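Encoded as structure tokens, the structure appears first; notes follow it.
Keep in mind that what you see is a predicted model, and the values were worked out from it rather than measured. Just follow the structure's listing: the first ligand is 1, and inside any ligand the first atom is 1.
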Amino acid sequence: MTTRMNRRGFLAAAGVTATAAAAGALAAEAPSGGSPAAGGGAPQRTAGAGAQFAPLRAEVQIDDCIVEGEIPSELNGGFYTVGPDPQYPMDPKNIVFDGEGHVRMFRIRNGRVSYRTRYVRTERYVAQNKAGRILMPIYRNPYMDDPSVKGLSRSTANTHVVPHNGLLLALKEDSPPAAMNLDTLETIDPVYTFGDQLPRTQPFTAHPKFDAHTGNMIAFGYEAEGLGSDTVAVFEIDTVGRKLWETKIKVPYAGMLHDFAVTENHVALFVVPMIVDLEQMKRGGIHWSWDKTKPTYFGFFRRGGDGKDLKWFTGPARSGTHTMGAFEDKGRLYLDTEVTPGNPFPFMPNRDGSPPDIPGSRSTLHRISASLKGGRNKGYDIELLFPLSAPLPRQDDRYNTAHYRYGFANCPDPEPPAGQPAVNCIARMDIQTKSYRLWKAKPTETVGEVVFAPKSPTAPEGQGYILATVWHADQNLRSDLVILDAERVEEGPIARVLLPVQAAPQVHGWWVREDQYPAQPA
Ligand code: V55
Ligand code: FE
């Protein structure tokens with residue numbers, strides 16, 4: 001069966017206007033409208049922020065990609081990403097975040113690169129493939145599901161990928177991970193419960209953290225006791241997959257807890273008013289609406305305990321979706337995160353019915369902090385860290401739970417030439433000196449989220465490479481992998497891996513070091 005992907009339909013389905021995409025905070029992650037299609041139903045290829053969400057649908061395999069420049073000999077491992085790539089044309093009321101997870105891998109060894117992509121064979125993907133049509137039409141809304149999928153996992157596995165215990169985990173925050181083979185990208189288990197240590201219905205964050213000392217994975221799941229529940233389960237899983245610790249806490253209201261932070265001794269949450277809207281879901285809408293009447297809550301509790309020491313600090317309505325880094329120092333806990341004054345996703349409804357607030361969706365990097373001793377219901381402190389609009393900030397991931405110094409991000413040009421809203425820069429930030437260095441690509445190049453790859457497993461923080469995907473608006477979205485020296489990003493790529501095709505869509509990605517792969521058979 002053939003299904004024609006109509007790009008205009010997809011854009012309408014995503015509910016994103018050109019303006020919203022250009023200016024929105026996750027504009028970086030939203031399709032952009034751009035100029036009218038050339039006609040004839042050919043997919044429209046546009047410049048701007050939305051290139052990285054352009055649907056593709058083709059699984060691709062290329063051995064020995066063409067390389068421009070030289071891949072450093074010590075750069076061995078894999079750059080994995082995932083993003084939503086609709087299996088069938090979407091319901092007009094659906095949003096871009098509901099496409100099926102399409103994973104891609106740049107596998108780098110001894111200066112050679114192979115490229116491979118595979119859809120995650122989630123239970124949803126397999127059922128829809130068999131039926132030849134969409135069976136779960138609306139983002140995280142089980143009320144609208146076809147009766148035939150009752151009891152199946154709703155995961156799209158479209159948000160993030162991390163390595164764990166020799167597997168690649170493809171994540172969607174409403175479900176357990178999907179486990180894939182690190183080399184072939186074959187789906188091994190679409191509902192991976194770490195050997196029945198988690199229930200099949202366990203929500204599992206797309207942003208687990210890895211302990212800087214033990215390598216253990218710390219993760220959480222919100223709505224842990226069913227749709228709209230205010231229970232959050234938090235757990236720590238060791239490097240061979242044993243659950244060491246779990247506790248459950250209550251949040252002030254059920255909302256999108258997309259990311260969190262883990263420090264040496266604490267787990268921190270930032271509760272933002274993107275609320276679970278059951279009434280809207282029953283009317284056929286998506287899972288969320290933005291309720292600007294609700295305050296935000298910054299809270300933390302000790303790792304390894306029962307969660308009863310949980311303390312909350314309040315602030316006005318705003319959002320913070322992605323953590324750059326977090327640490328504790330002299331009795332305070334610091335969370336470095338991108339913050340928007342309003343609804344970060346212009347394609348998600350406002351509860352008061354107001355139109356998309358474009359300026360309110362623009363994020364900048366902030367530091368939120370509070371005293372570890374502090375009392376109940378007091379305010380948290382917040383300050384601007386960097387004026388960069390960087391909704392997808394990253395760090396050297398060996399420092400997830402440690403006192404870190406360097407951040408990295410794709411971002412739009414802070415001083416853009418008129419009419420050029422493209423996300424075409426890569427920044428390296430130094431949180432000690434509060435300064436940053438910037439590489440500016442061409443205005444026709446859209447840069448996806450970056451990952452950091454250390455020079456060696458024990459290299460000092462920030463010594464290594466930045467990897468990112470670039471989509472060329474002037475080449476039908478043909479894409480490159482760019483590799484930069486992380487200490488000299490302003491010098492631009494030291495190598496480019498040229499794909500003959502458009503890269504599959506991308507939200508997040510991870511660098512898997514060679515030492516994290518299972519031992520190869522001789
Ligand atoms: C995000 C992405 C999602 C989602 C919820 O980047 C939040 C934020 C790709 O799906 O479902
Ligand atoms: Fe995310």
Checklist entry - Hey, mind stepping through Phe235 and Gln202 against side-chain contact (heavy atoms from CB on, under 4.5 Å) and telling me if it holds? => result CA-CA 11 Å; Phe235 30 87; Gln202 176 70 59; 3.8 Å; yes
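- Of all the atoms in ligand 1, the ones that sit under 4.0 Å from a non-hydrogen atom of Asn158 are 9 (C), 10 (O).
- The NE2 atom of His258, the Fe ion (ligand 2) and the NE2 atom of His207 define an angle of 90° (nearest 10 degrees).
- For ligand 1, the polar-atom distance check against Tyr139 finds a nitrogen or oxygen pair separated by under 3.5 Å.
- The side chain of His322, and not its backbone, has at least one atom closer than 4.0 Å to an atom of ligand 1 (non-hydrogen atoms only; side chain from C-beta on).
- Taking the N/O/S atoms of His322 in turn, the shortest distance to the Fe ion (ligand 2) belongs to NE2.
- Geometrically, Arg154 does not engage Tyr139 in a cation-pi contact defined by less than 6.0 Å to the ring centre and at most 45° from the axis.
- Taking 4.0 Å as the cut-off, Lys172 counts as a neighbour of ligand 1 on heavy-atom distance.
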Checklist entry - Taking it one step at a time, do Lys209 and Asp259 satisfy salt bridge (Lys or Arg N to Asp or Glu O under 4.0 Å)? => result CA-CA 10 Å; Lys209 306 297 176 224; Asp259 200 343; 2.8 Å; yes
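- Using a 4.5 Å heavy-atom cutoff, the side chains of Tyr399 and Tyr406 are not in contact.
- The atom name of the N/O/S atom in His508 closest to the Fe ion (ligand 2) is NE2.
- Ring pair Tyr119/Tyr125 is tilted by interplanar angle, where 30° to 60° counts as tilted.
- In plain terms, the two heavy atoms of Val272 and Met256 that are nearest each other are CG2-O, 3.8 Å.
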